[in-house]
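Data block below; observations after.
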Amino acid sequence: MLDLRKVKKELEPIIERLSLRGGDFRYLREIITLDQERRDIIVHLEQLKAAKNETSKKIGLYKREGKDVRPILESIESDKEKISSLDQRLKSIDSTIDEMLLNTPNIPHQEIPVGKDESENIVIKKVGDLPTFDFEPKPHYEIGVNLGLFDFERATKIASSRFVVYKGLGARLERALISFMMDLHTEKHGYKELLLPYIVNQDSMTATGQLPKFAEDAFKLIDDRHLYLNPTAEVPAINMHRNEIIPLEELPIHYSAFTTAFRQEAGSAGRDTRGIIRLHQFNKVELIKFTTPDDSYKALDAMLADSEAVLKALKLPYQVIELCSGDLGFSMAKTYDIEVYIPSQQGYREIGSISNAEDYQARRGNIKFKRARDAKPEYVHTLNGSGLAVGRTVVAILENYQQKDGTIVVPEVLRPYMNTDKIK
RNA sequence: GGAGUAGUACUCAAGAGGCUGAAGAGGUGCCCCUGCUAAGGGCAUAGGUCGGGGAACCGGCGCGAGGGUUCAAAUCCCUCCUACUCCGCCA
């Protein structure tokens with residue numbers, strides 16, 4: 001959520017920066033008018049309430065002294081109505097302002113590239129050598145089905161399309177990757193391991209920015225508690241500290257969490273229909289940080305390096321891109337995507353995303369810290385990154401490590417987890 | 001799922017319509033005392049948030065959350081949430 005005070009102070013520059021995302025944000029001008037009305041009401045309302053409090057006290061006194069309170073009671077009768085109607089008006093203004101702010105995305109960081117969509121993202125580095133094949137490399141779904149690693153038909157029988165059953169060494173590979181990634185981040189990169197709920201409530205979804213605007217992307221439970229299936233570990237992990245003031249000495253907080261993520265993939269009909277690139281359910285290892293505002297961009301770069309370390313260890317070629325303003329996620333000020341090389345597509349596919357939300361989620365979730373014992377609380381910055389999407393890592397391994405005979409060489413770092421050096 | 005009990009500040013806890021923005025204790029901070037430590041004494045300690053004001057400061061909200069009754073609610077009523085106890089069920 002944007003800071004209302006800041007919006008008021010820098011209205012036009014903010015509208016201009018937001019519009020770099022695409023879309024019209026001139027509606028924010030209305031906030032200024034609404035806010036002025038809101039303040040006027042508050043001033044008036046508080047005067048009335050203060051007077052009413054005085055009067056009530058007086059009534060108490062009079063009663064104890066046995067005096068007649070009827071005249072006083074009559075004198076405040078009209079204020080009562082004024083107060084309740086002003087209260088109502090205030091509530092309605094507050095909720096209008098709130099709704100506007102909740103539906104307004106984060107302001108893109110000053111230095112990110114300006115562009116209208118993903119075609120204007122900028123490749124900032126390429127790492128690793130592309131594999132060479134003396135045969136036609138197969139797509140992962142063919143390899144996986146041939147080796148008996150995936151079963152799409154039965155997954156559809158069990159659930160629906162866009163699900164998969166992993167079998168045998170396929171299931172083992174997925175599990176091995178989860179363990180490998182979690183071990184790397186917790187033991188080498190200093191993150192604290194979390195195992196989180198896979199169901200989150202409406203407040204959590206709102207704090208991180210999935211709601212109210214992107215309700216159609218989430219799986220909502222049919223239940224009057226307004227619960228959702230976890231769409232990404234970012235949601236439960238950031239909400240660990242919702243409505244908290246984190247002691248300064250606990251910052252920065254680094255969490256790593258494996259979760260299963262659930263997405264409706266609304267609007268993706270027809271895209272990536274084959275294979276395990278885009279499923280309703282997938283596994284992901286996530287990195288989450290809470291930092292002071294001063295440290296968040298350093299922390300972002302460090303997180304990117306932690307993410308990259310997974311691909312480096314697996315010896316998979318990848319590129320890092322910086323998202324342009326038009327491709328930026330709703331809650332984020334700046335985002336790097338990591339894209340892994342997919343031989344069958346002769347191109348790169350997103351396998352991870354590392355973002356700084358600055359104070360946007362912290363404000364929605366009321367997550368603060370204090371610089372000193374008697375200092376005013378300030379919002380923390382929140383960051384999240386993939387470390388990595390596990391299913392897509394499976395895709396990358398199958399395709400990049402495929403052999404002419406149809407088998408897969410297991411990347412060295414995974415062998416202790418796989419108990420084999422070959423999938424055949 | 002049934003039946004019950006409870007949620008008050010950093011912690012424990014009193015409070016049962018107005019004199020309570022909240023007794024008391026612990027903790028914490030500052031000071032005194034003591035050669036150091038322990039013990040003792042004094043003072044302070046509702047955070048947070050919204051609004052007014054140049055500021056000092058003033059005011060609104062706030063006793064799990066949200067509604068309601070009342071001139072007035074921590075205190076009465078309703079709904080919800082959470083924790084605990086008992087019963088049932090269950091990995």
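In what follows, every chain begins at residue 1, and chains take the letters A, B, ... in the order their sequences are listed.
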Quiz item: Taking the six-membered ring where the residue is Trp, are the ring centres of A/Y166 and A/F150 under 6.0 Å apart?
Solution: yes
Quiz item: Which whole number of Å gives the distance between the C1' atom of B/rG68 and that of B/rG54?
Solution: 43 Å
Quiz item: Roughly, in whole Å, what's the span from CG in A/D3 to C1' in B/rC50?
Solution: 14 Å
Quiz item: How do A/R38 and A/G60 order along RNA chain B: which one's closest nucleotide is nearer the 5' end?
Solution: A/G60
Quiz prompt | Base partner of B/rG27, which must satisfy Watson-Crick or wobble distances under 3.5 Å | solution = B/rU45
Quiz item: side-chain hydrogen bond (donor to acceptor under 3.5 Å, both in side chains) between A/D203 and A/T206: does it pass, once the steps are laid out?
Solution: CA-CA 5 Å; A/D203 288 344; A/T206 304; 5.3 Å; no
Quiz prompt | N/O (side chain, A/K58) to phosphate O (OP1/OP2, B/rG18) under 4.0 Å | solution = no
Quiz item: Taking only N and O in the side chain of A/K376, is any of them less than 4.0 Å away from OP1 or OP2 of B/rG48?
Solution: no
Exercise. May I ask which nucleotide in the shown strands pairs with B/rU79, Watson-Crick or G-U wobble, both distances under 3.5 Å?
Key: B/rA65
Quiz item: Within this structure, what is the CD-to-P distance between A/E378 and B/rG47, rounded to whole angstrom?
Solution: 18 Å
Quiz item: Rounding to a whole Å, what distance do you find between A/K82:NZ and B/rC71:P?
Solution: 17 Å
Quiz prompt | Phosphate-side-chain proximity, A/K57 and B/rU20, N/O vs OP1/OP2 below 4.0 Å | solution = no
Quiz prompt | P-based separation of B/rA38 from B/rG29 [nearest Å] | solution = 13 Å
Exercise. Rounded off to whole Å, could you give me the CG-to-P distance for the A/L48 and B/rA72 pair?
Key: 13 Å
Quiz item: B/rG40 pairs with which nucleotide, Watson-Crick or G-U wobble, both distances below 3.5 Å?
Solution: B/rC32
Exercise. State which of B/rC50, B/rG18, B/rU49 makes the closest approach to the side chain of A/K368.
Key: B/rU49
Practice problem: Ignoring the backbone of A/I59, work out which of B/rC71, B/rG48, B/rG51 is nearest its side chain. | Solution: B/rC71
Practice problem: State which of B/rG48, B/rG51, B/rG60 makes the closest approach to the side chain of A/K370. | Solution: B/rG48
Quiz item: Between A/Y228 and A/S204, do the side chains contain an N or O donor and an N or O acceptor separated by less than 3.5 Å?
Solution: no
Practice problem: Return the nearest nucleotide to the side chain of A/P377; candidates are B/rG51, B/rG48, B/rA72. | Solution: B/rG48
Quiz item: Under 4.0 angstrom, heavy atoms only, what part of the nucleic acid is A/I42 near: base, sugar-phosphate, or nothing?
Solution: sugar-phosphate
Quiz prompt | C1' gap between B/rA23 and B/rA16, integer Å | solution = 15 Å
Practice problem: For B/rA83 and B/rA65, measure between their C1' atoms and round to the nearest Å. | Solution: 15 Å
Quiz item: Would you say a side-chain N or O of A/K52 is under 4.0 Å from OP1 or OP2 of B/rA72?
Solution: yes
Exercise. Check whether any side-chain heavy atom of A/D301 sits under 4.5 Å from a side-chain heavy atom of A/Y336, and report yes or no.
Key: yes
Self-check item: Between P of B/rG48 and CG of A/N366, the distance in whole Å
Solution: 12 Å
Quiz item: Say you pick atom C1' in B/rG41 and the same atom in B/rU34; how far apart are they, in whole Å?
Solution: 12 Å
Quiz prompt | Counter-base of B/rU20, judged by Watson-Crick or G-U geometry with both distances under 3.5 Å | solution = none
Quiz item: For A/H109 and A/L300, what are the C-alpha separation, side-chain angles and deciding distance, and is it a side-chain contact (heavy atoms from CB on, under 4.5 Å)?
Solution: CA-CA 13 Å; A/H109 187 265; A/L300 180 68; over 6 Å; no
Self-check item: Nearest-Å distance for atom pair CD/P, residues A/Q202 and B/rC80
Solution: 17 Å
Practice problem: Give none if B/rA72 has no partner; otherwise give the nucleotide forming a Watson-Crick or G-U wobble pair with it, both distances under 3.5 Å. | Solution: none
Practice problem: Taking only Lys NZ, Arg NE, NH1 and NH2, and the carboxylate oxygens of Asp or Glu, determine whether A/D87 and A/K91 approach each other closer than 4.0 Å. | Solution: no
Practice problem: Would you check, one step at a time, whether the test ring pair (Phe, Tyr, Trp, His ring centres under 6.0 Å) holds for A/Y297 with A/H381? | Solution: CA-CA 10 Å; A/Y297 279 95; A/H381 279 195; 7.3 Å; no
Quiz item: Taking atom P in both B/rC10 and B/rG64, what distance in whole Å separates the two?
Solution: 13 Å
Exercise. Write down the partner of B/rC86 under the Watson-Crick or G-U wobble criteria, each distance required to be under 3.5 Å.
Key: B/rG2
Quiz item: If we call it a pair only when both distances are under 3.5 Å in a Watson-Crick or G-U wobble match, what pairs with B/rU8?
Solution: B/rG15
Quiz item: What distance, rounded to whole Å, do you find between the two P atoms, one in B/rG67 and one in B/rU75?
Solution: 14 Å
Exercise. With P as the reference atom in both, quote the distance from B/rA91 to B/rG4 in angstrom, rounded to an integer.
Key: 28 Å
Quiz item: Who is the Watson-Crick or G-U wobble partner of B/rG59, with both distances under 3.5 Å?
Solution: B/rC50
Exercise. Verify the contact: side-chain N or O of A/N53 to OP1 or OP2 of B/rC61, cut-off strictly under 4.0 Å; return yes or no.
Key: yes
Exercise. Counting heavy atoms from C-beta on, name the nucleotide in B/rG67, B/rG59, B/rG18 closest to the side chain of A/S56.
Key: B/rG18
Quiz item: Which atoms form the tightest heavy-atom contact between A/E286 and A/S386, and what is the distance?
Solution: OE1-CA, 3.9 Å
Practice problem: Counting heavy atoms from C-beta on, name the nucleotide in B/rC61, B/rC50, B/rG59 closest to the side chain of A/K49. | Solution: B/rC61
Quiz prompt | Candidates B/rG67, B/rG48, B/rG51 - which lies nearest the side chain of A/K91 | solution = B/rG67
Practice problem: Rounded off to whole Å, could you give me the CG-to-P distance for the A/D223 and B/rC80 pair? | Solution: 14 Å
Exercise. Looking at every strand, decide which applies to A/R5 at a 4.0 Å heavy-atom threshold: base, sugar-phosphate, or nothing.
Key: sugar-phosphate
Practice problem: Return the value, rounded to whole Å, for the distance between atom CD of A/E37 and atom C1' of B/rG51. | Solution: 16 Å
